[in-house]
Amino acid sequence: MSEKATLEINGEKYEFPIVKGTENEVAIDIKTLRSATGGVITIDPGYKNTGSCESAITFLDGEKGILRYRGYSIEELADKADFLEVAYLLIFGELPSQEELDKFHSDIKENSVVDDDVKKILDAFPKSAHPMGVLSSLTAALTAFNPSSVDVESEEDMYNSIVRIMGKFPVLVSWAMRKKHGLPLEYGDDNLGYVENVLRMMFKNPNREYEQNPILIDALDKLLILHADHEQNCSTSTVRITGSSHAGLFVSLASGISALWGPLHGGANQAVLEMLEAIKEDGGDTKKYMAKAKDKEDPFRLMGFGHRVYKNFDPRARIIKKAADEVLGDLGVEDPILDIAKGLEKEALEDQYFVDRKLYPNVDFYSGIIYRAMGIPVEMFTVMFALGRLPGWIAQWREMRLRKEPIGRPRQLYIGENYRPFSPIEKR
Ligand code: ACO
């Protein structure tokens, strides 16, 4: 017999099925709550207890610090796979064969030219524009240049849209950076791998050929894999909810990019580096900033610390911390803010305030240090996060459409004025 949860409201009992996920996660299915009770809803600001969908893409256990894409552990993927393989895995559900991967890559390359008129839109932005705003706008603008809407009943149509955006997105990423730095816009080189191409498009000097550095390729591959998906976070939920109105893939992604920009989400990687710089400028007094973070009167938070789901450790942060040491060592870069970051982490992990609230370094705490060592400007950090998250957003959007999910439309508890008659302006 299936398990049920019983809810009692004013002496009346209602039963709801209990559903279990493949990892034995338990949920109460309240789909019939409102109709059965004559209008009662649940209220859960920030959706701390609400599952918005069923999903087969990413599993994470915040207590145990487990993160898996389609069943594969993040540790193994970061160590053994490359970003394009992981993108294929997330989007289509299985690791690709060599033949499938080659086809995927070749189709992406085939679709990696952005209409030249997009440059006119880019031209209209001031140089001071934040590249996340530019990226979000240009991604939405791609819809205008590729107007045919996706027929989600057609796997072929869906596939074509996916390879189109996988091809064009890194070009937009590089243009957002080059515009800011006054560099001529670049296209990719079909002879290169996906990640190599990203580096070339970003860093190629107009006067000389770009020389690939295997350390940078490996580091970027790893960082992109670590950011590739994270189940129903703020930006992914935004992509799913935008797409649930049957808005197209590109605009759904554009709304995800905007959600990612905020400092409480992907924007934290930029905020972490700025915070560490500020601490360094201020004489490296980590204790002072720890005290500020704990002071409830002070809005300052230790950026890169804490997570809605991870309450033990963020497995991505562990991998990135190790990678930061390796990449800086390999590149021969000595960065004093790495020491400040490690000092801050050590103090926080021993501090009762952080222990009580289960606050640990998250994925963004060390990523900026690696990006900086790679020569990526600070305002591009969140853009790099978006590049990594692209396959995750695509996978989630595709799953949502294939499962024919209903339009996302939460309820609310109204706490405003009761009815009052209109009063003409002369009487107010
Ligand atoms: N520094 C100081 N105190 C913190 C921090 C922090 N970084 N994070 C949480 N807290 C405190 C809160 O003040 C609160 O304290 P209280 O219980 O005494 O009121 C308690 O810990 C719980 O925090 P909430 O904000 O309720 O936790 P929530 O799950 O809503 O937020 C979040 C998670 C947004 C990540 C938060 O920890 C934060 O703001 N961190 C800093 C920003 C950051 O690094 N964001 C990146 C997240 S990872 C990502 O998106 C890729």
**Prompt:** Hey, are Glu100 and His105 close enough side-chain-wise for a donor-acceptor pair under 3.5 Å?
**Reply:** no
**Message:** Please determine whether the number of non-hydrogen atoms from other residues, nucleotides or ligands lying under 6.0 Å from atom OH of Tyr353 exceeds 12.
**Reply:** yes
**Request:** Please list all pairs passing the salt bridge (charged side-chain N to carboxylate O under 4.0 Å, His left out) test where one or both residues lie in residues 222-241, with sequence neighbours left out.
**Result:** Arg240-Glu399, Arg240-Glu405
**Message:** The criterion is salt bridge (charged side-chain N to carboxylate O under 4.0 Å, His left out); which residues satisfy it with Asp123, sequence neighbours excluded?
**Reply:** none
**Pairing residues for Asp325 by the side chain to side chain contact (heavy atoms under 4.5 Å, CB included) criterion, not counting sequence neighbours** = Leu338, Lys342
**Request:** For Lys294, check salt bridge (charged side-chain N to carboxylate O under 4.0 Å, His left out) against everything at least two apart and list the hits.
**Result:** Asp351
**Asked** With sequence neighbours left out, what residues match Asp29 under salt bridge (charged side-chain N to carboxylate O under 4.0 Å, His left out)?
**Response** Lys31
**Request:** Grab the two heavy atoms, one from Pro361 and one from Asp314, that are nearest each other, plus how far apart they are.
**Result:** O-CB, 3.6 Å
**Request:** Could you check Trp175 against Phe125 for ring pair (Phe, Tyr, Trp, His ring centres under 6.0 Å), going step by step and ending with a plain yes or no?
**Result:** CA-CA 12 Å; Trp175 286 5; Phe125 281 101; over 10 Å; no
**Request:** Using the test side chain to side chain donor-acceptor pair (under 3.5 Å), find all partners of Asp79 that sit at least two apart in sequence or belong to another chain.
**Result:** none
**Message:** Less than 6.0 angstrom from the centroid, inside 45 degrees of the normal: does Lys204 satisfy that with respect to the ring of Tyr210?
**Reply:** no
**Item:** Exceeds 12 heavy-atom contacts within 6.0 angstrom, atom NZ of Lys119
**Value:** yes
**Request:** Taking the side chain as every heavy atom from C-beta outward, state whether Arg68 and Thr58 have any pair of such atoms under 4.5 Å apart.
**Result:** no
**Message:** Pair Leu199, Leu192 - check side chain to side chain contact (heavy atoms under 4.5 Å, CB included), show working.
**Reply:** CA-CA 10 Å; Leu199 290 167; Leu192 298 175; over 6 Å; no
**Prompt:** Any idea how Tyr194 and Phe83 line up, ring-wise: parallel (<30°), tilted (30 to 60°), or perpendicular (>60°)?
**Reply:** tilted
**Prompt:** Does a salt bridge link Lys20 with Glu3, judged by any charged N lying under 4.0 Å from a carboxylate O?
**Reply:** yes
**Message:** Looking at Leu101, I'd like to know if its CG atom is crowded, meaning that more than 12 non-hydrogen atoms belonging to other residues, nucleotides or ligands lie closer than 6.0 Å.
**Reply:** yes
**Message:** Once you measure the plane-to-plane angle for Phe104 and Tyr159, does it fall in the parallel (<30°), tilted (30-60°) or perpendicular (>60°) bin?
**Reply:** tilted
**Prompt:** Quick one: salt bridge (charged side-chain N to carboxylate O under 4.0 Å, His left out) pairs with a partner in residues 264-281, sequence neighbours left out?
**Reply:** Glu277-Lys280, Glu277-Arg372
**Request:** Check whether the side chains of Trp393 and Ser235 place a donor and an acceptor atom closer than 3.5 Å, and report yes or no.
**Result:** yes
**Item:** Sequence neighbours excluded, every pair satisfying salt bridge (charged side-chain N to carboxylate O under 4.0 Å, His left out) that has a member inside residues 379-393
**Value:** none
**Request:** Sort and list the pairs that fulfil salt bridge (charged side-chain N to carboxylate O under 4.0 Å, His left out) and have at least one residue in residues 173-196, not counting sequence neighbours.
**Result:** Glu186-Arg200
**Request:** Can you establish whether the number of heavy atoms outside Glu209 located under 6.0 Å from its atom CD is more than 12?
**Result:** yes
**Request:** Of all the heavy-atom pairs spanning Val173 and Met380, show the shortest one and how long it is.
**Result:** O-CE, 3.5 Å
**Message:** Assess the residue pair Lys292 and Asp295 against the criterion (salt bridge (charged side-chain N to carboxylate O under 4.0 Å, His left out)); give the C-alpha distance rounded to whole Å, side-chain angles, the decisive distance to 0.1 Å, and a yes or no.
**Reply:** CA-CA 5 Å; Lys292 273 166 76 64; Asp295 180 357; over 6 Å; no
**Message:** Using only atom types and a distance under 3.5 Å, with no angle test, would you say the side chain of Tyr187 pairs donor to acceptor with the backbone of Val114?
**Reply:** yes
**Asked** Going by an N to O cut-off under 4.0 Å, is there a salt bridge joining Lys64 and Glu23?
**Response** no
**Message:** Walk me through whether Met290 and Leu344 qualify under side chain to side chain contact (heavy atoms under 4.5 Å, CB included).
**Reply:** CA-CA 8 Å; Met290 287 288 290; Leu344 214 48; 4.3 Å; yes
**Message:** Classify the ring geometry of Phe381 against Tyr371: parallel below 30°, tilted from 30° to 60°, perpendicular beyond 60°.
**Reply:** tilted
Pair up each side-chain donor or acceptor in residues 241-251 with any protein partner under 3.5 Å, not counting sequence neighbours, and list the distances.
from, atom 1, to, atom 2, distance (Å)
Thr242, OG1, Thr238, O, 2.8
Thr242, OG1, Ser255, OG, 2.8
Ser244, OG, Ile241, O, 2.7
Ser244, OG, Gly408, N, 2.8
Ser245, OG, Thr242, O, 2.9
Ser245, OG, Ala247, N, 3.4
His246, ND1, Arg401, NH2, 3.4

**Evaluation steps, side chain to side chain contact (heavy atoms under 4.5 Å, CB included), between Val118 and Lys168** = CA-CA 11 Å; Val118 174; Lys168 296 180 201 314; over 6 Å; no
**Message:** Suppose the criterion is side chain to side chain donor-acceptor pair (under 3.5 Å): which pairs have a residue in residues 356-369, not counting sequence neighbours?
**Reply:** Glu345-Tyr366, Gln352-Asp356
**Prompt:** What's the shortest heavy-atom distance between Leu349 and Val355, and which atoms?
**Reply:** O-CG2, 3.4 Å
**Fill in**
Nearest heavy-atom contact between Glu334 and Pro336 is O-CD, 3.7 Å
**Prompt:** In terms of heavy-atom contacts, does CD of Glu54 have more than 12 from other residues, nucleotides or ligands at under 6.0 Å?
**Reply:** no
**Item:** Exercise: identify the closest heavy-atom pair between Ile41 and Gln412
**Value:** CD1-O, 3.4 Å
**Request:** Only counting residues at least two apart or in another chain, list the ones meeting ring-ring contact (aromatic ring centres under 6.0 Å, His included) with Tyr310.
**Result:** His230, His307
**Item:** Polar side-chain atom of Asn111 near backbone of Asp107 as donor-acceptor pair, under 3.5 Å
**Value:** yes
**Item:** Ile370 and Ile376: CA distance, side-chain angles, deciding distance, side chain to side chain contact (heavy atoms under 4.5 Å, CB included) verdict
**Value:** CA-CA 9 Å; Ile370 307 185; Ile376 297 175; over 6 Å; no
**Prompt:** So, for Ala56 and Arg70, which heavy atoms are closest and what is the spacing to 0.1 Å?
**Reply:** O-NH1, 3.3 Å
**Asked** In Å, rounded to the nearest 0.5 Å, how long is the span from OG1 of Thr286 to CG of Asp339?
**Response** 11.5 Å
